Amino acid sequence: MRITKTVGLAALLALTTGLAHAQDLRIGLQEDPDVLDPDQSRTFVGRIVYASLCDKLVDITPDLEIIPMLATGWEWSADGTELTMSLREGVTFHDGEPFNAAAVAANIDRSKNLDVSRRKSEVKSIESWEVVDDYTIRFKLSSPDATLLAQFADRSGMMLSPKATAAAGADFGLNPVCAGPFKFKERVQQDRIVLEKFADYYRADEINFDSVTFLPIPDTTVRLANLRAGDLHMLERLAATDLSSAEADAGLQVEKATSLGYQGITINIANGARAENPLGQSAAVRKALSLSIDRNALNQVVFEGAFAPGNQPYSPTSPWYNKSFPVPERDIDAAKALLAEAGHGDGVTIEVQVANNPVQTQVMQVIQAMAAEAGITIELAAKEFATLLADQSAGEFTASQIGWSGRVDPDGNIHQFMTTGGGINDSKYSDADMDKFLNEARLSNDPAVRKQSYDAAIAKQQEDMPIIYLYHPVWIWALDQKVAGFTPYPDGMIRLHGVSVSE
Amino acid sequence: MTDIILSAQGLVRRFTARKPLFGTPSVVQAVSDVTLDVRRGETLAIVGESGCGKSTLARLLTRLLAPSEGAVVYDGRDIASLSDTEMRTLRRDMQFIFQDPFSSLNPRMTVGALIEEPLRIHRMGSAPERRAKVADLLRKVGLRPEHADRFPHEFSGGQRQRIGIARALATGPRIVVGDEPVSALDVSIQAQVVNILEDLKEELGLTLVIIAHDLAVIRHISDRVAVMYLGEIVELGDAAALFEKPAHPYTETLLSAIPIPATGARKARSLVDGDPPNPISPPPGCRFHTRCPYAQARCRSERPGLRTLAPDRQVACHFAEDLSLAGVDATMAARPAAAERRFAVYSNARANMTGAETNKTKLPTEE
Amino acid sequence: MLAFLGRRILIAIPTVFLISVFVFALQHLLPGDPILVMAGEERDPEVIAALREKYRMNDPVPVQYLAWAGNALQGDLGISLRTQQPVLELIAEKLPVTIQLAVMALTIAILIGIPAGVLSAYKKGTWVDWLANIVALSGLSVPNFWLGIMLILLVSVKLGWLPASGYMPISEDPLQSIRIMIMPAFVLGTALAATLMRHTRSAMLSVLKSDYIRTARAKGLREHIVLVKHALRNALVPVVTVITLLFGELLAGAVLTEQIFTIPGFGKLVVDAVFNRDYAVVQGIVLCTGVAFIAMNILADAAYRVLNPRMSDQ
Amino acid sequence: MTTAIPLLQVTDLSIRVRGTSAPLVDNVSFTLNAGETLCIVGESGCGKSLTALALMGLLEGTPLQVEKGSALFQGVDLLSAKPETLRGLRGDRVAMIFQEPMTSLNPALRIGEQIAEAIREHRDMPRDQVRARALEMLKRVRIPAADKRLDEYPHQLSGGMRQRVMIAMALANDPALLIADEPTTALDVTIQAQILELMRSLGAETGAAQIMITHDLGVVAEMADKVAVMYAGRIVEAGTTAQIFDDPQHPYTLGLMSSMPSLAGDQERLVTIPGTVPSPANMPDGCRFAARCPFATGRCKETPLLQDQGAGHRVACWHAPVENFAANSRDEVPA
Amino acid sequence: MSVTATSEIEADPLPPRQRSRAWAKFRRNPSALLGGVIVVFFLVVALLAPLLPVPGPAETDWSAVRKPPNAAHPFGTDEIGRDVLSRMIWGAQASLLAGVVSVLIAVLLGVPLGMVAGYMRGWTDAVISRFTEALLAAPFLILAIALAAFLGPSLTNAMIAIGLSAMPIFVRLSRAQTLSVMTEDYVESARAIGIGHVGLIWRYILPNIFPPIIVQATLTIATAIIAEASLSFLGLGQQPPAPSWGAMLNTAKNFLEQAPWMALYPGIAIFLVVLGFNLLGDGLRDALDPRDT
């Protein structure tokens, strides 16, 4: 009896999965996401999954304007210390719980107070909150925080079912319950994450798939091969070197967006004894190093010209880019002159640590070769990322090739790196003027005012150069020709609203 | 003649045959309660079939194995009580010859190094003296000094056994124990080695203890013979007397089983059926009773000890006095007179050949 | 036999203990701080402190070990630092994948290796022997990660015959599952086939030299009976032992193979865990593979005894 | 005896290692009549085992090959017959037992099966009859509790018992010829006596002719009707047992017998043969024994033929009988 | 001293001198010779790398990035415009060094441990054996990955990691060989002449367990070269810009489609050199095998 029942069940299951498969969107990810709890997770690919799983209070446009999502509108108090948001009505979480102001309050509370919450710093400025009515909430801030709305456009703004978080606590990630277009179905680590369509989604009409499957495939070649073989519908982060061949493939389409992040070399200026070297002590040497690098050539050699050379925390196409300091041309003579000026006319030797993945080591090898011509000998120390990070934060480095994935708000790309005591200021760079510029930029919600502050900060950064910016990655998506309606965003996310596959 | 050089007293050696997870391990008593005197200058043979414990006994006598019980007394000292260093020193006096000439020489050492090694270990002589001694030893065993830089694999079995003998004799030992020193060799080679052993014994005044299973060889070289069965000595006595008139039924069985190489000799026959019992669980009483044609009720329950039957004759049988056992009849192997004459001719020719040998180079082996 | 197994298991206990201490120590000597990575790009000190507390990183290493070992003895191997899944669950999830890969690889290896070994031994000194040896040596000498990427390039990218990667549980779609796995299994199987072939060959050669083969021929038995019933049957005794012992090699090979073909199995799990400093996962896996390895060793000895009548009643 | 067609007639058998010059077995010839026992005696490396293996067709697959010669057995030339013909004869008309009873039985198969397969291969018999025959054979070789032994593995038997099993296996199809290669060398003397006795009585019972290979002259005296003494690949002397023991002619035979200590214990020193057997790689020309022979002269550089000294007693020596030579040559050799 | 004993038996003529049988057997074995030639070829190339007329292994040419094989670059150029041939030649140094040094580490640590275990028996043996088993139970590559991660990615550390991971093989082998040598008659005969422990180990055990260890070492060099390549392939071996074949493959796998030559040549080189060592090891095994002569 039981056996027949089980068999029947299995057959049914097979049937339903078979059906679902027909309208399943398969997306290749570069790596396996970490825990699927927006308050705890930290990976880029995790955020790609959340884009289909968890709706946020606000969203962004491809031009980085902040637009309503679960919050339909918001209002700042005159002094910028109170933010009142009105919420969308008729939204339910995947478990059927209603979305309302109390749910928002619970979510903010969790982001701020869960002991292992990674979001604490992002919502630090929120001092308290007040549920005005079922669909209105008011946040009181300790000081004006222009960055807060942008935080709500990311993981801090993702709304989790309060019932589920209360029940699962820190284990929420094993079975996340949100309010996005798809709900969590299953996860096999390193193999797939399957989400299925949430029927009660408030924008259900924009969603054209019964399910979406994310498949982590780290090897770029293999990822592309799978796409070509029809096993995937799309993939994120196509290798720049595969770009031309993918573009030439009639079966594929390619979409691009310059990322918000950057890659650079962080230099130890005052982080312990390892700062005691020409590079750490002399801004001239740092500038010489920067001048010795041909950023265009670097982009050509390593990324076939697909990425964006850069010299600031913002890409040259960003509104926050300081146009007074264009990406410098390579100038060996100037670099040598700077070295001589700093008293190192016969050259310097520096060690740069780099994550031991092929692309980053390739970047550093090119830079190594370039710098050598200016008399700067670079010794590479390739480390695993975990080691690199530990050494960097402990000051066990001279210079470190590391990047930043980028934030919607300009503050996120510079403040914590350049201010005295900044959370990830591993250079231990400290300058009163810089602190002033960057802190002031937080206070105003007026973009023009902020732009002034950032221009000043960047001018200072170009002077002291605790970080030498190299380039800005470009997100490249490769899609099957049958996929329509995909919009690239500079945050690198995959938003499935309006995306469809023609059979 | 009654001077005792080495004496075994109540020697017992047990081996663990199998160790189960729980319960008592099964134990083989390879040598059980052997008491034996070796007289200075004699050749004592220990004989028995495989598994009777004779090789174990040989190793106990030279402390290549430590006894489980009992003592081995050499020159008034129990050698089991000696320290490692004292024992190593004693090995100058006490040497061993192994059965297998192919495996008992380190294949990675030259013959010279092998023979010199005991001298070096015991710090005997300077390097040139030792080299001279090696050359001398090589000549003594019928090899040439030039052979010293060759490796053992370049020699035949008989030559290797001679190298083994040279090595054993290097330190000028007083007693040499040989474990089947000639049984791995072909008849013609065996005879050469037997002769060398006998000559060297005489020349150097050695005492020999020879382990063997070939009764003809034993008869030829030994003064006294000890017969072993399942770890025990069942008979011990003067070689000639023992062969002529054995006192233990097992000795008789052994003697009767030997095929005699002569026409008209008696057919070899086995007085016993089947195989020796499993040494893990030897039969009670007399260990031979299961195969003994003369066994009686007493033999099944009471274990006969080794007792003196006559001067120079000990036996472990309840009925030794009552039995009249058959020995070897010397006339059986007699040859016709014509044949005897021919053998004499051969012997003469052979002797002449040897005399001429020193001058004569190799005969027709030009290539 | 029971006593034998009992003794072997008793002896294995200190080994397992050593493995666990070893892995634990090694893990905690590894440079790099997983907490820093886990804390996210911002590396908020508060979060770091909370995480250290949560994963007991502040305790002295021996205390951590005892806590871990205590839980392990109760069947709790902890949770993954990265995804918070229980390690045991992860292992249970990955095990069938690697087992499928291993079984297919072993099947391929056996199907190629044993007949090739028999043939090569029987035709010793002929061109058949020579060819089989060269092929086997090539199988041993080609780095399997290279073979893997070359095959992907050729079979999947250029020819499009087989999927380049992925995994399909055999319960869902057996045919597709095998289709996906056949290439990795082949890559993993080649080296094993070579090893098996060489072992079979040398076992056959030594058996063919033995006296009882001469006896069998002296009885006038037909050659195939001599070869299969008398020679192969005895030659298989050491070969079966080798097969069970190949398990370790199989696991090591699976590490790279799974990496290349993105197969979500044990090997990939462990590599990612090492790189991510996911202590609990690495510990759990190495402990499990260690235990499995020892179990396979015991099995090998047991198989040897079963196959070899001389040993069976001891 | 001379009128009957011999059971086996071996003529000029030569065996050599493929691609080398000196044959390991050189022009060996002998005849064997039904019911007779021939002992081939010699020291290790004299080619006696090779001769046996060649007759069984068991040299195939080794580097050795039969260079020439014939061996007529019941109308078939064992040396040139097709492998399939030989296979049909082996284990049926011609059977063989080997020196090492410990290794000559397949350790993985039960005793009963090993005997049974020899029967099945040559006889079309139902299964239970085969088993009955196997049991009967075990009983005939006087293995105690034979029905129990049938299902045991070789390792459960002692060496002597295994040799009995080998004999049972060899005789299972009532062969006309049994070749025994050192069947008792690995056994203790009391067991040897049992096995020799068994072989003698079974030989008489079945009427099978036997070729027994041995190095032990005692065994020869016990078993043989006829003897062939081999040295370095050649038969140097052949004759009846009485001829060999009572009238040994060849210097090697004489040396061999002199080398043996006597049980009677009457010799002071053993009279030995000097030197060692030449290695196959350095086989001397002419008489291969010359280098070790006390009677050797320049003439010995020519190979002596096996010549009849009367009554079928054949000797391959230029100087036989040696007493005549020794007497004559005394003057020739300068002192 | 009297010569009565020697007068009876004449001194034997010298047996014909036998040249080393092992060498003779080795020379007659074409595949072993082929293996030797391959290994020697790569050794020579590795040693002569600085003298060969190729560009430096780190010399870049921005105008020739990932160019297929051509006259100027017979094996093409790599992802940042370096000459693949030159990197192969210099990479040979890393690969061979890794193979030899790691096996040397394994032998130097493993053989004494194994000999001590086999010689002392008892609890020493038990401790060493359990320890070895524990090491063996962690699969080779997993252990090597963990060790390499622990020590930090570099060629030296990869060699140490591989050496340590390969050590148990040598412990086991030398233990087993020691045990078997200890049962040999010549060891007993050495004890019978009163040899001490040091002499026994040094003159008897070591020389006699050496041939199988040499064979195993040769074969393990082959494995170690693959292991180094595997570790480099995972980014745990040779670090840029210094070349090793495995590291080259690691990079090359990202350019399989655009620049297959980058993967092809290092792969072939690894294959050839590993094949060479395997052939050599097999040849040595046959040559040194005392069983059939």
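Numbered from 1 within each chain, the chains take letters A, B, ... in sequence-line order. Owing to the predicted nature of the structure, the values given are computational and were not obtained by experimental measurement.
- Heavy atoms closer than 4.5 Å to chain B are found nowhere in D/Arg142, neither backbone nor side chain.
- Checked for salt-bridge contact, B/Asp199 and B/Lys140 miss the test: no charged N lies under 4.0 Å from a carboxylate O.
- Both the backbone and the side chain of B/Tyr346 come within contact range of chain D, with heavy atoms under 4.5 Å apart.
- Within the 4.5 Å cutoff, the side chain of B/Phe343 has heavy atoms near those of the D/Met257 side chain.
- For B/Val187, the parts sitting under 4.5 Å from any heavy atom of chain D are the backbone and the side chain alike.
- Comparing D/Met223, D/Met161, D/Gln249 by heavy-atom pairs within less than 4.5 Å of chain B, the highest count is held by D/Gln249.
- Of the listed residues B/Ala338, B/Ser347, B/Ser50, the one with more heavy-atom pairs under 4.5 angstrom with chain D than any other is B/Ser50.
- Note: B/Leu197 CG to B/Thr43 OG1 = 9.0 Å, rounded to the nearest 0.5 Å.
- Neither the backbone nor the side chain of D/Val220 comes within contact range of chain B, judged by heavy atoms closer than 4.5 Å.
- Using a 4.5 Å cut-off between heavy atoms, B/Arg341 makes no contact with chain D at all.
- The contact between B/Glu198 and chain D is made entirely by side chain atoms (from C-beta outward), counting heavy-atom distances below 4.5 Å.
- Here the rule is side-chain contact (heavy atoms from CB on, under 4.5 Å) with B/Thr290, and of B/Pro282, B/Pro276, B/Pro277 only B/Pro277 fits it.
- Enclosure of atom CD in B/Glu202 is not indicated, since only 12 or fewer non-hydrogen atoms of other residues, nucleotides or ligands lie within 6.0 angstrom.
- For the residue pair B/Gln159/D/Thr276, the side-chain donor-acceptor check at 3.5 Å is not satisfied.
- Here D/Gln194 contributes atom CD and D/Gln163 contributes atom CD; the two are 12.5 Å apart, rounded to the nearest 0.5 Å.
- By number of non-hydrogen pairs under 4.5 angstrom with chain B, the leading residue of D/Pro144, D/Ala224, D/Ala242, D/Pro248 is D/Pro248.
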